[in-house]
Every structure is written in structure tokens, then in C-alpha cells.
Protein chains: 2
Amino acid sequence: MWRFVDRSRRRIPEATVARLPVYLRTLLEVQAEQTSTVSSERLAELSGVNAAKVRKDLSYLGTFGTRGVGYEVDSLLVEVSRELGLTRDWPVVIVGVGNLGSALSNYGGFGDRGFPVGAVVDTDPLKVGTRHGDLIVRHIDDLPEIVSQFGIAIGIIATPAEGAQDVADRLIAAGVTSILNFAPAVVTVPDEASLRKVDLALELQILSFYRQREELGASLDRDLVIADKTTGLVV
Amino acid sequence: MWRFVDRSRRRIPEATVARLPVYLRTLLEVQAEQTSTVSSERLAELSGVNAAKVRKDLSYLGTFGTRGVGYEVDSLLVEVSRELGLTRDWPVVIVGVGNLGSALSNYGGFGDRGFPVGAVVDTDPLKVGTRHGDLIVRHIDDLPEIVSQFGIAIGIIATPAEGAQDVADRLIAAGVTSILNFAPAVVTVPDEASLRKVDLALELQILSFYRQREELGASLDRDLVIADKTTGLVV
DNA sequence: TCCTGTGAATGTCTTCACAGCC
DNA sequence: GGCTGTGAAGACATTCACAGGA
């Protein structure tokens, strides 16, 4: 008999969860090289993080390493996959067949990774009924029935900003509790649901910020100055 | 005469920088409603964050609000835009004309927001020379000349994972110090450069993690258990 | 000797709570 | 009275540094 913490239910920090998929990818690469064991150091290097972080992250999942040796690649892969819930498929529905929606539905990378595109929907009557890869575009009003028919677990919003919140509400109403939002709009969901966002323009704007700083760098190399109170001009 | 901190050079937390584009979008919406002044409370609500955070974030940029009143929409917009470096255009080059690269180059949302697509490049000789919207696909070897010709400031990597690091190296070599990486691969750049990544499968995997937790919730509702030492089975 | 697992220290971000100004 | 700006407290995340098992 023994008293221990059930690791499978330990709270895992968000930051750690966000890195698990990276470790997973790295482990697959390492596995492809026929390496049977891997150190936190190497895992870290290939994942672009530092070794202490890798060890701490993995320790949240359980105790899988061997001191003096490292981690057994195959079994760590299984553990990380299980923790991420990747032992089964999670069908997705793509909402919005515009430029981005089309690209996503044709992308193919989703199905391979356990996220088959179960359905594609839109509001536009002209688009409904058209073929899209293997799928026929269906009307968004059919969501509830589509969700149960295909076991949809995740909804991807690829509509213009205006429709995004409405789409999210419909997804939630249809029982979809995980949403990935590509629309450049703030979308809110109930606490029980999960929402992640990908905003392309936002990423570019962040880059723009740092890019501009570079240019400013040379000209404004001071933090503290003596300046006129009202004009702000340097004396 | 007066001693003061030059706000324009203050270090702004990364987390704050990442929210500025959201505030910017919100401010544009508020402006469209002809509202001339806005409180941190309202700005927060529309941006999906809390009011204290908005105030602290904005305070890093300077002192723009009026106590008892709020922020003047127009002038705050100018300040945020300026801070983000959006007072000028930043031409981008898209590398890789696959599914995603095509979608991005046709997207149009970039140009509107100050990130015109200056060029599209690929390695595939079959793609080079083909028309893509307004642009002719060029060979990646021409990057240095394309960069100076179009004043490219940002490179977007939309290639398969294998080529990503090489593309990043070529971008850096051509003088592009800001990179947005869509390839599902770890890419490293020199310290002076900025790199951001968007990984679609990764986002889905994170959602999968939380989704799975939902299902586990009911069955494993305990944190501490008495269990057999070796098997881990509950006694 | 090597490399994991983890407390403790440090650093960063968020939130609170209220003084200060309109 | 209302709302900003900001120290201080608290929560969270990263990194250090080393004990301890292989």
C-alpha cells in the first residue's frame, strides 16, 4: 500500500500544455532516427527550449526518465500522446468556405495528425451544396445534426470577423466545446468551453512592433533625459 | 526643466505588446460608433480582458487618459498605432506557394492592414513564373534582390517543415529580420531577429488536451488516492 | 559519472486597491 | 463621483543548482 499523487489528474500549467505538442513532434523526429533513448538536453535543443524546462514539463506528467540515462523515446511518445488525448481522432468542422476555410479544408495536414475534417459548413446558399475536396458544403443550420452524425469535437471558425461570435454560439449550442478561431474578432465562450485563436494580422503587427524598435534603436539611445516640462524637448 | 522617463523607449512587456493589436482593433470599432471617449472598463470588455490590465498596458505607452473621464479614442488610436509601428507599410514576402501560401497571398487582409504582399517565392521551377493574383512567383534564389527592390520587412514561411530552417536562414541572409513561421518545425534565428510562429496542428492538439480532460473529469474525480505501490491500482 | 527530478530562487505577468486628479 | 495611473501583493512561469538513483 502506498500514498501517492495521481499524476494523471495533476493540474498541468498552461505553458507546459502548449509545449507538449512540440515535444511530441521532436520525439517523432528522434524516433525516426532509430534512437531509443534521449536526454532532456537533446530534447530541449531540438525543441528550441532549455533542458530544465523540458524536465520540469515532463515531470508534471509523471516520472518517465531514468537518472544517468535519459528518456526512453517510444514510451515517452506514448505518454505525451496520451496526455494530449491523441490516442483517438477528434473530427473537426470548418465553418466558412472563404479563402482561408478552403485552404484549411484542403490542407490535409489535419487528418494525418488525428483531426479529420468531418464537415464544412457555410451560410451562403451559393456555396452550400458545392463540392470541396471530398466534402459537400453544408448549411450552418444543420450543425446540430452534423455534430452528432460525425462526432465533431472541434469547431474551426474561418469566417469574417462579423459572423464569428454568432458561429461560436451556434457551435456551443450544437455541443462543440472546443473552438479554434481564425476570425480577427474577440469571441467569448462559456467557462466550460475552450477557445484558442490564431490571428494572422495580429502576428504581423507584433513583428512590426519589434521591427520598428530596431530602427528606433540607434536614434533614441537613452532612457532618462532632462527635458522641458511642457514641450518634452530635451534641453 | 524636468526629469522624466522617456516612455517611448521604456521596455514594454511582451504580453502587453501582444495585446496592443487587440486594443487597436477595439478602438477602431469604438471609433466607428462615433464615440469620442472610452473608459478602460469598456475597452476591456470589448477586448476580452480586464480593466486593470488595459490601464496598466496603456500606461507603458504613456499617460493618455483623463481621470474621471477615460481615453480619447482618436488620439489613443494614434498612440497605439505609432507604438506598433503601423504608421507606415511593411511589405512582406511569402515563401512557399502551396495550399497555405496561396491562401495567404490571396487573402487580401494583409494589404489592408499595412502589410502588402510584395512578392511570392518558391523553389519549385514549375511554380516559378506562374501568376498568383497580381504577382508572378519568383525563385527563392532571387530573395536578396527582391528584398531590396520591394523593401521587404517581413518574411512569411509557408513551406513544408523540412525546408523551414533553410528558408529562415536565407531570409536572414537577405536582410529580413522579422519572420512569421507557419511550418510545423522549430526554427531558430539570431538574437537580433524576431520570429513568431503559427502552428495549426499544435493549436488543435492543445484543444485536444483540454477536450480530453472534460471526458476524464467525471471518471477520475480525485487528486489523492491510496493505491498499490507497483500496479498503481486503487485499493 | 551521468542525467533526472525537484525544491528554492528568480523573473514575469496579473490583479488588487487606492491615491490623485478631473 | 468617476475613472485613471500605479505601487504592492499575489499568481504563475522559468531557471538554478544539487541531491539522489542508475
Side-chain angles (χ1 to χ4, degrees), chain A residues 4-7 10-20 22-23 26-27 30 35-73 75-76 79-80 83 206 209-210 229-230, chain B residues 4-8 10-20 22-23 26-27 30 35-73 75-77 79-80 83 206 209-210 229-230:
Chain A
F4 76 104
V5 176
D6 176 359
R7 303 272 187 167
R10 255 240 211 133
R11 197 193 149 274
I12 299 184
E14 260 188 68
T16 295
V17 173
R19 280 187 296 266
L20 292 180
V22 178
Y23 299 150
T26 301
L27 284 167
V30 172
T35 322
S36 68
T37 205
V38 67
S39 67
S40 61
E41 187 96 37
R42 176 142 171 74
L43 204 39
E45 192 195 327
L46 294 171
S47 302
V49 301
N50 86 25
K53 204 184 264 176
V54 168
R55 292 200 298 277
K56 182 135 280 194
D57 284 343
L58 294 179
S59 80
Y60 289 117
L61 313 191
T63 305
F64 303 128
T66 308
R67 292 164 195 236
V69 180
Y71 301 89
E72 214 261 295
V73 177
S75 64
L76 186 55
E79 294 298 341
V80 175
E83 195 66 40
I206 295 172
F209 172 88
Y210 291 106
K229 186 179 182 176
T230 46
Chain B
F4 75 104
V5 176
D6 176 359
R7 301 276 187 169
S8 73
R10 253 238 212 139
R11 195 194 150 271
I12 299 184
E14 258 188 71
T16 295
V17 173
R19 281 188 295 267
L20 292 180
V22 179
Y23 300 150
T26 301
L27 285 167
V30 170
T35 321
S36 68
T37 206
V38 66
S39 67
S40 61
E41 187 96 38
R42 176 143 172 73
L43 203 41
E45 193 194 326
L46 293 172
S47 303
V49 300
N50 85 25
K53 207 183 264 179
V54 168
R55 292 200 298 279
K56 182 133 282 195
D57 283 344
L58 295 180
S59 80
Y60 289 116
L61 313 192
T63 305
F64 304 128
T66 309
R67 291 162 196 237
V69 180
Y71 301 89
E72 214 261 296
V73 178
S75 65
L76 187 55
L77 249 169
E79 295 298 341
V80 175
E83 196 65 41
I206 295 172
F209 172 88
Y210 291 106
K229 184 179 180 175
T230 47

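Labels below follow one simple rule: chain letters A, B, ... track the order of the sequence lines, proteins then strands, and each chain is numbered from 1.
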**Student:** So which one's nearest nucleotide on DNA chain D is more toward 5', A:Asp57 or A:Thr66?
**Tutor:**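 Per heavy-atom nearest nucleotide, the more 5' residue is A:Asp57.
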**Student:** Please list all pairs meeting side chain to side chain donor-acceptor pair (under 3.5 Å) that have one or both residues in residues 44-53 of chain A, counting only residues at least two apart or in different chains.
**Tutor:** A:Thr26-A:Ser47
**Student:** Output the rounded distance in Å from CD (A:Glu79) to P (C:dT4).
**Tutor:**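 Spelled out: CD on A:Glu79 to P on C:dT4 is 16 Å.
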**Student:** Less than 4.0 angstrom between a side-chain N/O of B:Arg19 and OP1 or OP2 of C:dT14, yes or no?
**Tutor:** yes
**Student:** Rounded to the nearest angstrom, tell me the gap between atom CG in B:Leu20 and atom P in C:dC13.
**Tutor:**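 The answer, rounded to whole Å, is 13 Å.
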**Student:** Go through D:dT14, C:dT15, D:dG2 for me and flag the one nearest to the B:Lys53 side chain.
**Tutor:** C:dT15
**Student:** If I take atom CD in residue B:Glu41 and atom P in nucleotide D:dT4, what distance separates them, rounded to the nearest angstrom?
**Tutor:** 8 Å
**Student:** Starting from the C-alpha separation in whole Å, work towards a yes-or-no answer on side chain to side chain contact (heavy atoms under 4.5 Å, CB included) for A:Glu83 and A:Ile12.
**Tutor:** CA-CA 10 Å; A:Glu83 195 66 40; A:Ile12 299 184; 3.4 Å; yes
**Student:** C:dT4 phosphate, OP1 or OP2: any side-chain N/O from A:Ser40 under 4.0 angstrom?
**Tutor:**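 Affirmative; the distance criterion is met.
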**Student:** Is it the case that atom CD in B:Glu72 sees more than 12 heavy atoms from other parts of the structure closer than 6.0 Å?
**Tutor:** yes
**Student:** Without decimals, in angstroms, what is the distance between A:Tyr60 OH and C:dG5 C1'?
**Tutor:**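 Atom-to-atom, A:Tyr60 to C:dG5, this comes out as 12 Å.
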**Student:** Can you tell me the distance, in whole Å, between the CZ atom of A:Phe64 and the P atom of C:dT6?
**Tutor:**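 To the nearest whole Å, that distance equals 11 Å.
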**Student:** Compare side-chain N and O positions of A:Tyr71 against OP1 and OP2 of C:dG5 and report whether any pair is under 4.0 Å apart.
**Tutor:** yes
**Student:** So if I take every side-chain heavy atom of A:Arg67 and compare against C:dC3, C:dC13, D:dG5, which nucleotide ends up nearest?
**Tutor:** C:dC3
**Student:** Applying side-chain contact (heavy atoms from CB on, under 4.5 Å) between B:Val30 and each of B:Leu76, B:Leu46, B:Thr37, report the one that passes.
**Tutor:**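 Of the listed residues B:Leu76, B:Leu46, B:Thr37, the side-chain contact (heavy atoms from CB on, under 4.5 Å) partner of B:Val30 is B:Leu46.
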**Student:** Closest heavy-atom contact between A:Ser40 and A:Arg55?
**Tutor:**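 For A:Ser40 and A:Arg55, the tightest heavy-atom pair comes out as OG-NH1, 3.1 Å.
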**Student:** So, does B:Ser39 use its side chain to make a donor-acceptor pair with the main chain of B:Arg42 at under 3.5 Å?
**Tutor:**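 Yes: the side chain of B:Ser39 pairs with the backbone of B:Arg42.
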**Student:** Within this structure, what is the CG-to-P distance between B:Leu76 and D:dC3, rounded to whole angstrom?
**Tutor:** 16 Å
**Student:** Produce the list of close N/O pairs, under 3.5 Å, pairing protein atoms with atoms of nucleotides 16-18 of chain C; give distances to one decimal.
**Tutor:**
unit_1: C:dA17; atom_1: N6; unit_2: B:Arg55; atom_2: NH2; d: 3.4

**Student:** Whole angstrom is fine here: how far is it from CG in B:Leu58 over to P in D:dT6?
**Tutor:** 11 Å
**Student:** With sequence neighbours excluded, what pairs up with B:Thr16 under the side chain to side chain donor-acceptor pair (under 3.5 Å) test?
**Tutor:**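 Checked B:Thr16 against side chain to side chain donor-acceptor pair (under 3.5 Å); matches are B:Asp57.
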**Student:** Can you check the A:Glu14 CD to D:dT14 P distance for me, whole Å?
**Tutor:**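 In whole Å, D:dT14 P lies 11 Å from A:Glu14 CD.
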